[in-house]
Every structure is written in structure tokens, then in C-alpha cells.
Amino acid sequence: MDKDEHLQRHLDLCQRVFQRMLAERSWPWKEDVDSTEPKDVIESGDISNDV
């Protein structure tokens, strides 16, 4: 299996998992958990190292 085939299989698996979770409404995280409070926002200048 070459890299392109491996990547395509991985993406297909991710798509199936996403579709199943969407159909079952079984998200592993709570909705609306992102805070909009200024004290919780990370400014890009606060990041000390690149990802």
C-alpha cells in the first residue's frame, strides 16, 4: 500500500466515524463549550512556540 492509498483509507475511516457520530448524536464533547470571555481567549502573541 502506497502513501496515497493509506491516506485515502484513513480519510474514508474518518468520514465513516464522523457520519456515525452525526447520526447517533454521540459527540465526545459538549456543545457550546468555547468561551467568548476575553480572559479565556489566547492571543497569538501569547504562544511561545510554533506547532
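This one's a predicted model, so the numbers in the text were calculated from it and none came from an experiment.
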Hey, any chance L11 and F18 share a hydrophobic cluster, counting ILVMFWY side chains that come within less than 4.5 Å of each other, even indirectly?
no
With distance as the sole test, does Q19 use its side chain to make a donor-acceptor pair with the main-chain N or O of R16 at under 3.5 Å?
no
Non-hydrogen atoms of H6 and M1 that approach each other most closely:
CA-SD, 3.5 Å
Consider only side-chain N and O atoms of D12 and Q8, and report whether a donor and an acceptor are under 3.5 Å apart.
yes
